[in-house]
Chemist: 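First, the structure itself, so that you have it in front of you.
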Amino acid sequence: MSWGLGSGQDGAGYRDRLHRLCKFLLALKPEEEDGKEQSELARLQRSVNACRKRRRGADSDIQGLQDLQKALKHLERGRNGQKETEEQYLNRLLAWHPKVERIGAQVSDRQRALDRILQTLGIEDDGPVAALLALNDDLSLLERNGAAGASDARNRWKELVQELIGDWEWAYLQVLVRLARACLARNRLDPRLSACSQEAEQCLTEAIEKLERRGLFQPRTQGLYGLLAESILLRSKAEELPPEKRLELIQAAHTYARRAVEIDPESVDERRVLIEILSLLGDYEEVRTEAEVALNLDAGPEILRSIGASFKDQAASLRSPEIRKKVLQEAVDFFEKAKKHAESAPLDKACPLEQIETHGWAHYWLGLFEGERGSCDQADRHLRTAAELGFKPIESRVRLGWIYLEAKAYDKAGPAFRDAATEAKRWLAKHDEQAPGEDQPIEDLIFKAYLGAAFLALASPVEPISAGQAISAEPEKSIAKAEGYLKSTESLQNRTDLQSLLHEAHGRAHLARKEPEAAPELEKAVRLSPRSSAYCHLSYARLELSMAAGDDAEKCEILAKAREAYQLAVDLDPWGGLSSELSRLDSKLQLAEKPAAT
Amino acid sequence: MGRTLAYKRRGNSAARSVHELGPIEDSIMFKDFAYLARGLRGFEDWMVYALALVVLALLPVKTRTADRGVSLALALLWASTALDAYRSNPGWAVLAGTEAALLLGIGSAWGRLRFEARTGFWAAAGTILTFYSLLLFPLLALFQAPLFDRSAFGAPLPLVLFTCGILFLTVEPIANLLLVLPLTWAFLGGPDGYRGPVELDGLEIALLAGALFLTLPPELRAMSDSRPSPGTAYKLAFRRRTAFGYGLWALTLATAFLFVTASRWRGLEQTTISLALLSALGLVLWLAYPAWQSLWYRYLAWGAAKAGGRIQIWLRENWRWGLMLLALLAVLASWNPASEGTSQQTPPSTTTAENGMIYSIPGKLRELLVGFLPPGKVVWSASAISLLWLLLEAYQGRRRLVIGDFEDKTGDSIVWASGLGSQLQNELARIADLYKVIDEARPTRKSDVVEVVPGVVDPGTILKEAISTTLGSAGFGTQIAALFTRLVSGPQLKGVVHKVGSDYVITASLSGGGLAFSWKVDSGTFGEDEKQNPADKDVPRALLGQLAYRIATDLVSIGSPRWRAVRCFTEGLRHYREIQRQSDQSYKLREAERCLIRALNDDLRFTQCHYNLGVVYRQLGELGSAESAFRRVLRENPDHFEACYALAETLVHCKKHEDAMRFCEAAIDIDPDDARAWDLWAYSLRHREQRLTGAEVALEPSHPGWTQIRERKEIAVALAWRALCREALRGPSPAIQSEMTTALLCTRNLAVVLTRLGLYQESQRVFQQATWLAPHDPYVGLYEGRTHFWTRSWRRAKSALGGAFDEGLAARDRGLLWSTLAQAHAASEPEAADLGSLRSAHQRFLDLVADASPADLRQVVEFSLEAPPRESHQ
């Protein structure tokens with residue numbers, strides 16, 4: 001007997017069984033070139049290519065796994081159908097293969113691969129299934145003749161069939177786990193694909209439950225709880241979800257993530273998911289603790305992304321400038337440490353690009369937080385390093401431009417926006433490449449670059465930007481280009497915010513020309529996204545309108561609205577970024593209000 | 001003493017006066033040798049002596065003719081002896097005549113003897129014997145030195161000793177043949193009438209030296225002229241261990257037999273002594289190496305060494321050895337004369353009292369001790385021991401630094417010079433401690449080969465035991481030692497603190513104990529390091545730290561004469577030490593790397609620093625950098641064994657097995673006693689052959705490469721155990737753990753090799769020894785279980801594997817553990833009780849393969865689901 005527990009021949013039968021299961025896994029996993037005889041350079045090149053491939057994602061893997069899952073599901077049903085006898089099950093198994101239901105029309109290659117994978121499980125004419133059936137015939141004959149020990153032999157035969165069914169179920173569960181992983185990887189690349197995360201969640205729920213029932217440690221060793229938490233977390237980010245459903249999902253993800261960390265406290269991936277969830281829940285103290293632990297364990301690019309985003313969210317949610325400054329300082333300290341850790345790590349030949357990404361994230365966040373603290377030079381240094389590393393090559397430049405713009409370093413902001421636009425166009429030319437680390441689509445970034453250029457032109461119209469370059473000195477042209485991008489693409493994230501910015505730009509352009517269209521445009525902007533600068537300029541626009549008002553009553557009414565906008569601008573600027581602008585506005589308003597009051 | 005008495009009893013006629021000498025003293029030609037001439041009997045003696053001088057004169061001449069002349073002269077000497085012995089002792093005459101004929105034929109006529117050895121052990125031994133025989137012996141005989149007289153048959157020089165000395169200078173194997181007869185002569189003790197004590201001692205020396213010469217293969221003897229391949233001695237000892245063992249066993253049995261039955265065999269006393277001497281020599285040689293090949297000997301030696309080490313430590317504490325010695329003396333002193341009288345009346349059973357040649361050892365010892373130490377001398381003995389202790393302290397005190405007070409001449413209101421002495425002592429102790437505790441780093445058991453660890457020099461007692469005179473907390477013993485040290489004027493350090501402008505300056509000088517140094521540290525000359533380091537803002541502390549490093553650099557040979565390099569090196573070690581117990585190692589390793597590179601920036605020829613930098617890179621996984629660092633060490637110091645081994649080990653990890661073997665050979669050449677290089681060589685050879693033959697997991701048992709692999713593994717095990725026992729004999733220390741890891745890895749690897757060869761029984765015995773050394777090592781349990789499984793000993797396989805846990809094992813080994821355990825359960829027709837264990841092992845295996853990467857999975861399948869190899873004939 002070649003499928004049983006392997007008595008005789010030094011356990012060769014059992015060894016064959018283990019061989020088959022391992023072969024099944026090997027066939028299931030993506031083919032890798034044998035690197036034994038390759039040179040060091042070739043091996044490094046291969047790992048770099050593998051990293052790039054991972055970044056792009058592979059939809060075909062998901063489809064293949066889905067086919068396999070369907071095929072195995074067909075078998076797995078036999079396990080659950082209690083009415084079916086072992087013999088019927090085996091007969092159905094033999095009859096089923098290789099008549100696996102064909103899925104789709106253009107699947108011939110995939111089908112061949114599928115057949116090959118399934119063959120490794122031993123469904124062949126002379127395979128273990130056939131052997132078991134032949135044995136069944138012999139046993140039936142013995143039972144009919146009333147031979148002694150036939151019932152024991154029958155029990156043993158049933159045990160063997162159960163073992164076989166168990167192996168099939170195990171194979172099915174492995175496919176489920178792999179499918180869930182592939183879906184999650186796909187979803188990480190494109191967060192809008194909520195269907196992927198849903199499928200991953202379903203697969204993992206089923207797999208974990210069945211694996212645990214069989215007494216396997218796979219959910220623990222492979223961090224399946226962490227994957228489940230991540231898939232639920234990704235699903236909760238779908239925009240169409242109502243808030244209460246989203247909260248429910250986040251809470252579920254939190255439970256699973258806690259369980260995952262409890263199972264494997266030294267795994268960084270599980271902590272990353274937990275950090276993201278805690279950040280969404282606003283528990284920043286806990287985030288800080290987890291981040292420290294994760295950094296000491298082994299911080300990779302994903303964990304730095306999550307921790308940085310958490311710090312950013314926390315800084316954005318604070319109203320007190322002192323506390324915000326403190327948080328930013330903490331963030332800078334944390335990422336300085338992370339940078340040192342990243343620099344200390346020896347070259348990882350298996351995933352060298354991930355190491356560069358880790359460096360990139362550390363520099364990117366350092367640049368961002370230094371910029372928020374007002375250290376433009378430090379921000380410039382770090383963001384430029386990130387861009388030079390090829391990490392977030394567009395966003396780093398766009399961020400840099402905005403930091404300079406906010407710091408009123410107009411001479412440096414212009415080149416930064418210009419570089420960003422040039423780099424973005426270069427990446428757009430490569431249709432199948434996604435720049436490393438870029439979370440936002442290139443269109444978004446181009447839009448922001450043009451919008452930044454427009455604001456720059458509005459703030460400093462004398463700043464010379466030579467003609468023929470990507471960024472024009474005239475705000476209208478930049479605004480028009482930004483608007484063109486906004487209309488031409490449907491894929492923009494945070495479309496509302498961006499549209500609001502566009503309206504603000506329009507409004508400020510009108511305001512610069514003292515045109516009455518300024519106020520309506522700025523009103524549109526604050527309706528879409530209430531921001532301090534928009535309110536400030538709305539107040540200016542209303543002040544201008546009040547100047548042109550005919551009677552005093554109307555003037556007073558407009559001035560009251562201007563004062564209201566001013567007040568909102570002050571409220572929305574807790575950190576004092578526009579303090580000088582607002583105090584100037586206040587004095588102008590006071591001047592205008594005095595004659596109106598008299 | 002016994003021999004002298006016997007000699008006197010026999011009334012040897014050879015005790016003649018020098019006045020019987022002839023008239024040669026008037027000869028003009030030999031007037032410078034007048035005294036010598038008085039010792040010669042006449043013309044025959046002169047002829048003999050002249051022939052011997054001819055031999056001596058021809059030896060330096062490196063021509064064939066001269067070599068033939070030497071052989072001819074030797075042959076004539078033996079012929080002369082044969083002629084002298086012809087009438088009185090025809091048997092000895094035949095012996096001498098045959099030797100003369102052999103020398104004449106082989107050496108003189110055939111010209112096969114070349115006396116070319118000029119350096120090395122045997123050349124030195126030959127020269128000493130020759131000069132003794134030709135010069136010392138005749139002169140002492142001439143001046144009537146007690147017990148010195150003529151040699152056999154009245155010869156003026158001991159011919160056997162002289163011949164052995166000359167033949168030791170040859171390098172040809174045929175010299176063995178020519179040595180046989182002189183050694184037979186020596187074995188038998190020479191003719192009866194000429195057994196003077198000096199003659200007998202000379203013959204025994206010749207016998208021992210000649211036997212050693214014959215035991216050693218010619219390629220080892222020719223060490224001076226043609227360099228043997230690395231480790232030849234151990235290889236030959238391994239190959240000839242069986243023959244040697246049987247020979248020694250036969251020799252020992254024969255000695256015991258003759259010793260017990262001595263009373264029945266008259267006239268064989270000297271033969272018995274010769275046999276005993278040969279047995280003792282054989283035993284010494286056996287203990288030096290071949291004994292370590294024996295499993296049982298290793299068990300015994302390890303137990304004895306551990307016990308010996310503990311006893312030694314126990315005795316060293318609180319001067320227990322002195323007390324024990326006193327107690328022993330007291331016991332001996334109080335040994336009453338009655339027992340002495342009894343012993344005189346009743347001769348011991350094991351003596352041959354009649355000829356006085358052999359005495360019972362206890363009786364002899366008692367006679368010696370009681371005679372030497374009568375009861376009244378016990379007090380004197382105690383005084384002598386005390387004096388000895390003080391002398392020892394004085395000697396050690398000369399190497400112990402006493403740090404005196406620092407004088408304050410700054411004029412500041414805060415007198416910060418007070419306590420500087422004790423602070424300096426602390427700084428020195430901190431540096432010494434760091435070098436000491438680096439021993440915590442030891443090779444891991446998880447690796448297949450012994451991994452490299454950082455190396456440091458021992459800072460010695462001068463830093464470790466520095467004493468501050470201002471330190472009040474020192475113990476009474478230390479204070480006494482300090483006082484005594486001052487009395488014997490050991491090294492004393494004194495210093496002064498000045499203030500020059502706003503800068504502080506410390507000047508310190510050391511004198512006494514044969515040392516004289518002076519140092520000056522100035523806060524005005526602080527480098528960038530001191531300024532930048534926030535810990536050094538405290539100026540006195542910074543100055544003191546600098547002074548401590550300067551002192552350490554000058555007093556201890558750390559490897560660099562530049563104190564800044566030593567400081568950076570020490571800081572690097574400190575960082576390295578911090579990683580020993582931390583999970584995140586790369587950060588600290590980078591810090592260590594930076595410090596070590598800074599040290600090299602100060603002193604590029606700091607080899608120990610290069611080596612430790614290589615170790616840091618090795619631990620970081622940067623094998624290319626590690627290789628460069630180790631190569632750099634070898635470029636600076638080709639005798640650096642650790643660097644050579646570390647380079648080989650790094651190359652093994654880079655899969656460059658040919659290069660690794662080359663450096664293993666070099667390491668063996670540098671230090672053949674180190675087991676690691678032997679083990680690594682075998683490992684490299686195995687993997688190279690595997691690659692060449694395309695074997696997935698292991699070579700076929702019939703592959704010829706296994707012979708060499710096994711030989712080297714066996715040598716490695718023997719050497720590792722020998723080193724372990726030596727270390728254990730010194731008492732408990734961290735170094736024992738390191739040696740134990742080496743011994744365990746070597747033993748485990750040997751057992752695996754034996755399994756691969758299909759020698760299951762031998763393999764299981766070796767596994768048992770490895771288990772004895774580390775009972776809970778999972779790797780030992782794992783491979784032992786596999787061996788049992790392959791021999792179909794299901795129950796023992798389950799027992800061995802059941803005790804192994806998979807925590808910390810590599811994926812490949814975990815796969816092997818669970819698959820073998822499941823297979824063992826499955827193959828043994830599992831009972832209902834076993835089914836649970838089987839399913840559990842099956843599930844763990846499935847968990848493992850589900851979690852493995854494709855590359856790991858392929859390896860797991862190849863390694864853990866391997867079919868058993870064919871069983872070899874035992």
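Naming: A, B, ... by sequence-line order, numbering from 1 per chain.
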Chemist: What distance do B/Leu821 atom CG and B/Ser837 atom OG have between them, rounded to the nearest 0.5 Å?
Modeler: 7.5 Å

Chemist: Can you tell which of B/Leu620, B/Val861, B/Val860, B/Leu848 has the highest number of heavy-atom pairs within less than 4.5 Å of chain A?
Modeler: B/Leu620

Chemist: Of all the heavy-atom pairs spanning A/Phe24 and A/Ala171, show the shortest one and how long it is.
Modeler: CE2-CB, 3.5 Å

Chemist: Which pairs, with at least one residue in residues 811-828 of chain B and sequence neighbours excluded, count as a salt bridge (charged side-chain N to carboxylate O under 4.0 Å, His left out)?
Modeler: B/Asp806-B/Arg814

Chemist: At a heavy-atom separation under 4.5 Å, does B/Tyr617 approach chain A through its side chain, its backbone, both, or neither?
Modeler: neither

Chemist: Checking heavy atoms, do the side chain of A/Glu343, its backbone, both or neither come under 4.5 Å from chain B?
Modeler: backbone

Chemist: For A/Gln174, which atoms come within 4.5 Å of any heavy atom of chain B: side chain, backbone, both, or neither?
Modeler: side chain

Chemist: Among the options A/Pro346, A/Ser344, A/Ala345, pick out the one with the most heavy-atom pairs lying under 4.5 Å from chain B.
Modeler: A/Ser344

Chemist: If you measure from CZ on B/Arg686 to CZ on B/Arg756, what distance do you get to the nearest 0.5 Å?
Modeler: 5.5 Å

Chemist: Below 6.0 angstrom between ring centroids: does that apply to A/Tyr14 and B/His842?
Modeler: yes

